[in-house]
Amino acid sequence: MNKKTRYSDREFSSDLLAWYTVHGRQNLPWKQLDSPYHIWISEVMLQQTQVETVIPYYWKFIRKFPDMRSLANAEVDSVLSVWAGLGYYARARNLHRAARIIRDDRDCEFPRDFGQLLSLPGIGRSTAGAIMAFSYNLRYPILDGNVKRVLMRIHAIDGDPGARETQALLWKIADAKTPGDSPGDYNQAIMDLGAMICKRAAPSCLNCPVRNHCQAYQSQAVADYPRKIRRAKRPVRSCRMLLISRPDGDVLLQKRPPHGIWGGLWSLPQMDDPKAGIRRFCAESLELEVATWREMDMLRHHFTHYELLIHPVVCSIDHSGNPTMDEERFLWYNRNLGQDAGIPTAVERIFKNLESTENK
DNA sequence: GAACCGTGGTA
DNA sequence: TTACCAAGGTT
């Protein structure tokens with residue numbers, strides 16, 4: 001890299017930091033304590049998730065698991081129940097696994113080494129960099145959606161944002177621009193710029209502190225970066241979800257397999273074969289005799305890579321008492337008891353729909 | 001290395 | 001309504 005570029009990178013970071021001092025988001029909940037544990041939790045929650053969405057989950061999580069030991073000693077079910085609704089549940093499982101590793105290998109002392117962080121489940125290059133920069137104020141770059149967008153505009157990079165070469169180039173630029181002085185503040189500043197000024201749609205370039213550095217702005221082509229990629233249409237799948245209640249009103253939930261969608265959460269018994277008979281399914285896989293059933297309104301649920309059409313079915317079963325089920329795989333659930341059960345948002349929606357139809 | 005993994009906001 | 005995508009990482 002030549003002298004001019006190096007000078008320009010330094011000028012970029014100092015302009016950005018001056019803006020951050022005045023306009024940056026310096027009161028985020030996880031910045032209140034100078035604690036690697038809290039930074040770590042927030043960084044994982046913030047993966048692919050916006051700040052406003054994370055905040056209530058962060059408080060709930062920290063109240064329940066205030067430190068590494070409480071998290072490591074908890075049951076994974078308990079962690080998932082706090083995470084329920086936030087999505088990407090592997091993050092919660094990985095957080096819990098990592099906490100146990102840190103407890104067992106390091107007596108709960110949080111790692112201070114980049115390589116050690118990277119080796120933990122759920123921590124990749126960007127999250128490790130963020131923890132190093134925010135917790136220890138060390139010079140590590142980050143590359144999240146905000147930073148990517150900002151850098152692609154600043155340098156008018158016209159490549160597929162997801163392509164390996166583009167990623168490598170962006171990491172190189174991110175590293176070159178990260179100053180040795182206040183790397184923590186700088187990383188926060190460039191993310192804040194992306195979130196507040198250099199937004200995906202309708203960026204406010206006139207308020208941008210680094211527009212003089214911005215090649216896209218200078219060629220009046222900010223809207224062209226990053227380049228938009230056409231995606232394949234999402235496939236549609238459909239299923240039935242069974243609402244089976246006991247005489248005492250508890251609803252039957254079934255534990256999802258540890259991997260795959262909603263991994264480790266408690267969901268309704270699900271029939272993926274639309275032709276299968278309800279009575280037979282219940283007899284064979286649940287050992288319950290269904291007497292009658294009633295179809296509810298279908299609801300659509302959108303995932304990242306497919307769309308799910310859910311047909312809920314309210315079933316009444318032929319039992320005079322309360323049937324017992326294998327407690328590892330099944331749970332009789334009462335919404336009003338606050339059990340430690342992580343329940344997917346789609347299932348919560350079905351419960352709400354059911355409530356509102358019952359009240360009519 | 002491409003597919004997978006949630007949910008909510010926004011245009 | 002539809003499509004995009006946000007403080008990404010794992011397999």
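Numbered from 1 within each chain, the chains take letters A, B, ... in sequence-line order.
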query: Relative to the 5' end of DNA chain B, which residue comes earlier, Thr345(A) or Arg164(A), by the nucleotide with the nearest heavy atom?
result: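 That would be Arg164(A).
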- request: Would you mind telling me which residue lines up with the more 5' stretch of DNA chain B, Ala346(A) or Ala201(A), judged by nearest nucleotide?
  value: Ala346(A)
N/O donor-acceptor pair under 3.5 Å between Arg91(A) side chain and Gln47(A) backbone: yes
- request: Please find the earliest and latest nucleotides of DNA chain B, in the 5' to 3' direction, that have an atom within less than 4.0 Å of any heavy atom of chain A.
  value: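 Using the under 4.0 Å cut-off, the span is dG1(B) to dG9(B).
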field: Base versus backbone protein contacts along nucleotides 1-11 of chain C [heavy-atom cut-off under 4.0 Å; B, S, -]
entry: --SSSBBBSS-
For [N] versus [M], give the span between their [atom1] atoms, rounded off to a whole number of Å.
N	M	atom1	value
dG8(B)	dG9(C)	P	22 Å
dC5(C)	dC5(B)	C1'	14 Å
dA11(B)	dA7(C)	P	15 Å
dG1(B)	dG8(C)	C1'	16 Å

message: Distance to the ring centre below 6.0 angstrom and angle to the axis at most 45 degrees; does that hold for Arg125(A) and Trp171(A)?
response: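 Verdict for Trp171(A): a cation-pi partner in Arg125(A).
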- request: Report the relative orientation of the aromatic rings in His213(A) and Phe12(A); use parallel for angles under 30°, tilted for 30 to 60°, perpendicular for over 60°.
  value: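 The arrangement is perpendicular - the two ring planes meet at more than 60°.
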message: Strictly by ring pair (Phe, Tyr, Trp, His ring centres under 6.0 Å), give each pair with a member in residues 185-210 of chain A just once, sequence neighbours left out.
response: none
task: Give every residue pair that meets the ring pair (Phe, Tyr, Trp, His ring centres under 6.0 Å) criterion with at least one member in residues 100-137 of chain A, sequence neighbours excluded.
output: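 As it turns out, the ring pair (Phe, Tyr, Trp, His ring centres under 6.0 Å) pairs with a partner in residues 100-137 of chain A, which skip direct neighbours, are Trp40(A)-Phe110(A), Phe114(A)-Tyr140(A).
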message: With salt bridge (Lys or Arg N to Asp or Glu O under 4.0 Å) as the rule and sequence neighbours excluded, what pairs involving residues 207-225 of chain A come up?
response: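 Found none.
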Distance flag, aromatic centroids of Phe303(A) and His305(A), threshold under 6.0 Å: no
task: Kindly write out the residues that satisfy ring pair (Phe, Tyr, Trp, His ring centres under 6.0 Å) with His38(A), not counting sequence neighbours, or none if the list is empty.
output: none
